[in-house]
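Below: the structure, in structure tokens.
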Amino acid sequence: MVSGTTTAFGPHERRPELKALTGLRAVAAIAVVVSHLGVPKSLPEELAKIAHWGYIGVPLFFMLSGVVLGYNYPGLTFRQSRRTLKFYLARVARVMPLYWVVLIYCALFYTAVGHRQYPKAFLENIFAVQTWGGDLLAAQSRYNGPGWSIGAELFFYAVFPFVVPLVAAASRKWGRAP
């Protein structure tokens, strides 16, 4: 526990869920899904406009997820190898199974309809690193277009244990201690 704080939770203890943020993350995720699926033509114009802007849920979801991760892992550093490995495994277990199911479905569908296959892009998609390079088609169009966000999310997870100590140090120096 950092001196000067009144939290009852140590750095390795589970904290209470932030239900308001969880709910807002759910709204952001639903908005993104609606913007991808589209809306019926019979929907009132005002609601259709709101649905069209649902993609704004992606950065909102990323920001809220960063807050939740910072709240749940305030002292995580890359030097804590076991704890960092557990963090990475928990993140992969949370997002990758459904992502892989959709990716395999897309690849099988493309094969069934005779769509051209892209082995390099497929491999990048399997490891969700398609957004880490410069090939925008691999990142957004081949196989699972919306999956680009999983690649971005994994990048954020990868750097998280390296950024937390920097933010904590900046907070101690220029702001309120974590």
Side-chain angles (χ1 to χ4, degrees), residues 12 14 17-18 21-39 51-167:
H12 303 291
R14 193 148 179 83
E17 180 183 2
L18 301 173
L21 292 185
T22 300
L24 193 52
R25 286 170 61 204
V27 169
I30 290 168
V32 171
V33 170
V34 168
S35 75
H36 279 293
L37 294 177
V39 293
H52 172 73
W53 287 89
Y55 66 88
I56 293 172
V58 173
L60 177 61
F61 184 85
F62 284 159
M63 288 185 290
L64 292 173
S65 294
V67 170
V68 170
L69 287 175
Y71 173 74
N72 286 318
Y73 298 93
L76 183 67
T77 72
F78 62 92
R79 289 188 175 117
Q80 301 167 330
S81 55
R82 282 189 76 166
R83 190 160 180 247
T84 301
L85 181 60
K86 284 174 133 179
F87 168 80
Y88 287 144
L89 290 174
R91 299 297 100 212
V92 168
R94 185 175 186 111
V95 298
M96 294 307 288
L98 180 59
Y99 171 80
W100 284 324
V101 167
V102 172
L103 179 63
I104 290 167
Y105 169 80
C106 290
L108 291 173
F109 177 77
Y110 284 174
T111 301
V113 298
H115 189 277
R116 181 176 171 201
Q117 298 296 308
Y118 301 91
K120 180 179 178 278
F122 184 72
L123 189 61
E124 290 174 349
N125 276 264
I126 285 175
F127 292 103
V129 296
Q130 69 274 29
T131 56
W132 298 19
D135 186 354
L136 292 178
L137 290 175
Q140 295 182 337
S141 300
R142 299 188 174 133
Y143 300 103
N144 177 10
W148 72 265
S149 64
I150 299 298
E153 193 172 341
L154 288 183
F155 176 78
F156 296 145
Y157 294 153
V159 300
F160 185 79
F162 298 91
V163 173
V164 169
L166 298 174
V167 171

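On a predicted model such as this, the values are computed, not experimentally measured, just so you know.
- In this structure the side chain of Phe155 never reaches within 4.5 angstrom of the side chain of Thr131, judged on heavy atoms.
- At a threshold of 4.5 Å between non-hydrogen side-chain atoms, the residues Pro161 and Thr77 do not count as touching.
- Contact record, Gly57 with Ala28: O-CB, 3.5 Å, taken as the closest heavy-atom pair.
- Once rounded to the nearest 0.5 Å, the distance linking CG of Leu89 with OG1 of Thr84 reads 11.0 Å.
- Inter-residue side-chain proximity for Tyr73 and Val164 is flagged as unmet; no heavy-atom pair is nearer than 4.5 Å.
- Atom-to-atom distance recorded for Ile30:CD1 and Arg25:CZ is 12.5 Å, nearest 0.5 angstrom.
- The aromatic rings of Phe162 and Phe78 lie parallel to each other, their planes meeting at an angle below 30°, with 60° marking the opposite boundary.
- For the residue pair Gln117/Tyr143, the side-chain donor-acceptor check at 3.5 Å is satisfied.
- Residues Ser35 and Ala51 approach most closely at CB-O, 3.3 Å, considering heavy atoms.
- Aromatic ring pairs are classed by plane angle as parallel below 30°, tilted from 30° to 60° and perpendicular above 60°; the pair Phe87 and Phe160 is parallel.
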Practice prompt. Would you sort out whether Arg91 and Leu69 count as a side-chain contact (heavy atoms from CB on, under 4.5 Å), showing the intermediate values?
Written response: CA-CA 10 Å; Arg91 299 297 100 212; Leu69 287 175; 4.1 Å; yes

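- The OH atom of Tyr157 sits 6.0 Å away from atom OG of Ser65, with the distance rounded to the nearest 0.5 Å.
- Under a 3.5 Å cut-off, the side chain of Trp100 and the backbone N or O of Ile126 do form a donor-acceptor pair.
- Rounding to the nearest 0.5 Å gives a distance of 12.5 Å between OH of Tyr88 and CZ of Arg83.
- Residues Leu123 and Tyr118 are not in side-chain contact: their nearest non-hydrogen atoms beyond the backbone lie 4.5 Å or more apart.
- The closest donor-acceptor contact from the side chain of Gln130 to the backbone of Gly147 lies under 3.5 Å.
- Distance NZ/Lys86 to CD/Gln80: 11.5 Å, rounded to 0.5 Å.
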Worksheet item: Run the side-chain contact (heavy atoms from CB on, under 4.5 Å) check on Phe61 and Ser149 step by step: do they pass?
Response: CA-CA 10 Å; Phe61 184 85; Ser149 64; over 6 Å; no

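- Side-chain atoms of Val67 and Leu21, non-hydrogen and from C-beta on, do get closer than 4.5 Å to each other.
- Separating the CG atom in Leu108 from the CD1 atom in Ile104 is a distance of 7.5 Å, to the nearest 0.5 Å.
- In this structure, Leu154 and Phe127 have side chains that are not in contact, with every pair of non-hydrogen atoms separated by 4.5 Å or more.
- Using a 30° and 60° split on the angle between ring planes, His52 and Tyr55 fall in the perpendicular class, above 60°.
- Minimum interatomic distance between Pro74 and Asn72 (heavy atoms only, all atoms of both residues): CD-C, 3.4 Å.
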Discussion item. Before you tell me yes or no, could you show the steps for Val58 and Trp148 under side-chain contact (heavy atoms from CB on, under 4.5 Å), namely the whole-Å CA-CA distance, both residues' side-chain angles and the distance that decides it to 0.1 Å?
Written reply: CA-CA 11 Å; Val58 173; Trp148 72 265; 3.8 Å; yes

